[in-house]
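A short write-up of the structure that comes next.
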Amino acid sequence: MARSTLTRMLLAPAAAVAALIGFAAAPAHAAIWTSSEQWGNYTTSDNYILYNNIWGSGAGTQTIWANSSGNWGVTANHPDTGGIKSYPNAKKTVNKPITSLSSLTSGYNVTVPSSGAYNTSYDIWDTDYDYEVMLWVNHNGAVGPLGTSQGTVTLGGHTWAVHKGDNGANEVFSFLRTSDSSSGRVDILPVLKWIKDKGWWGNETIGDVQFGYEITSSSGGLDFVTNGFDVSSS
């Protein structure tokens, strides 16, 4: 995933939401911030960072809009070709070692298209960007995780198909929900501890918790909307 190298150069992008069900998707023209720039980014009042993040080769056009860290989206028109084109996302920085965390949870509510090729995912990094943990909550089209299958595991309230790989810049641990979901809450800390207990990493300091859409193709222009999103840690 070449995105990791770009993330080191310009780190991308999440926000408290009382209820994840019932948020109305805001149209782009009503948003308080929009950007069609490749690396367009915006810091919200609650210190989340939104990031357009068009990083892949052969990308088309993409516009990100936001009203808040929990109400944002993108309209993307990427060609029907292979390879990830972008990962528009919202980011919350944690900066705590795994063993010092007593909780790390996140809620999401999204509206995603029925066509195109993409996944809706968390992208969680250690502060040195040596390790990347992806949690796919849904996906569509010809997309798949990096690495080899490690079986399934039930953690954080969900059952995941686990893959482990290396993209040349960092190790990648991918957890794919065995059933797609458009809304829910994930207890992230048990996933991180499970990776540690497997000996795949040590007591890493967790840096960024990102959430967004890893888009491979969205020909004709497709809308991806985050109706609700928050990250909570202690």
Side-chain angles (χ1 to χ4, degrees), residues 1 3 12-15 17 19-31 34-36 40 48 50-56 59-92 106-124 134-145 156-161 174-186 188 209-231:
M1 300 180 186
R3 127 174 132 264
V17 84
L20 290 172
I21 309 297
F23 281 76
H29 67 268
T34 64
S35 177
S36 300
Y48 288 73
L50 294 163
Y51 190 28
N52 206 25
N53 196 20
I54 307 169
W55 65 267
T61 60
Q62 179 175 290
T63 298
I64 189 170
W65 59 266
N67 287 307
S68 67
S69 53
N71 181 210
W72 62 275
V74 296
T75 298
N77 187 357
H78 298 301
D80 188 15
T81 55
I84 300 164
K85 309 301 190 302
S86 67
Y87 179 61
N89 65 86
K91 177 185 82 170
K92 184 70 170 180
S106 180
Y108 63 93
N109 182 304
V110 300
T111 302
V112 291
S114 57
S115 59
Y118 63 86
N119 67 70
T120 305
S121 59
Y122 289 89
D123 211 4
I124 302 163
M134 298 201 74
L135 309 178
W136 292 25
V137 297
N138 62 57
H139 64 281
N140 190 75
V143 294
H158 306 290
T159 300
W160 312 90
S174 298
F175 293 72
L176 281 62
R177 269 192 58 135
T178 54
S179 60
D180 284 345
S181 169
S182 61
S183 65
R185 192 154 198 94
V186 180
I188 298 172
V209 176
Q210 303 171 7
F211 177 81
Y213 311 96
E214 198 171 52
I215 306 172
T216 293
S217 67
S218 53
S219 182
L222 300 178
D223 292 320
F224 301 78
V225 180
T226 302
N227 307 301
F229 173 60
D230 73 280
V231 175

Beyond-backbone contact of [X] with [Y], side-chain heavy atoms, under 4.5 angstrom:
X: P88; Y: I215; result: yes
X: T61; Y: S36; result: no
X: Y87; Y: Q210; result: yes
X: I188; Y: S106; result: yes
X: V143; Y: W136; result: yes
X: V186; Y: Y108; result: yes
X: N138; Y: S181; result: no
X: W65; Y: V225; result: yes

key: Trace of the side-chain contact (heavy atoms from CB on, under 4.5 Å) decision for V231 with Y48   = CA-CA 10 Å; V231 175; Y48 288 73; 4.1 Å; yes
In Å, rounded to the nearest 0.5 Å, how long is the span from [atom1] of [X] to [atom2] of [Y]?
X: N67; Y: T34; atom1: CG; atom2: OG1; answer: 10.5 Å
X: D180; Y: N140; atom1: CG; atom2: CG; answer: 8.0 Å
X: L135; Y: N119; atom1: CG; atom2: CG; answer: 11.0 Å
X: S121; Y: L176; atom1: OG; atom2: CG; answer: 9.0 Å
X: N109; Y: N227; atom1: CG; atom2: CG; answer: 4.5 Å
X: H139; Y: Y118; atom1: NE2; atom2: OH; answer: 9.5 Å

Please report the shortest heavy-atom distance between [X] and [Y], naming the atom on each side.
X: P79; Y: K85; result: O-NZ, 3.9 Å
X: V137; Y: Y122; result: CG1-CE1, 4.2 Å
X: G40; Y: S35; result: CA-OG, 3.6 Å
X: H78; Y: G60; result: ND1-N, 2.9 Å
X: G83; Y: T216; result: O-CG2, 3.4 Å
X: A59; Y: I54; result: CB-CG2, 3.5 Å

ask   = Can S86 and Q62 be counted as having a side-chain donor-acceptor contact under 3.5 angstrom?
value =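 A donor-acceptor contact under 3.5 Å links the two side chains.
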task = Would you check if the distance from the ring center of Y213 to the ring center of W72 is below 6.0 Å?
result = yes
[X] side-chain N/O to [Y] backbone N/O, donor-acceptor pair under 3.5 Å:
X: S174; Y: P145; value: no
X: N77; Y: G220; value: yes
X: S68; Y: G70; value: yes

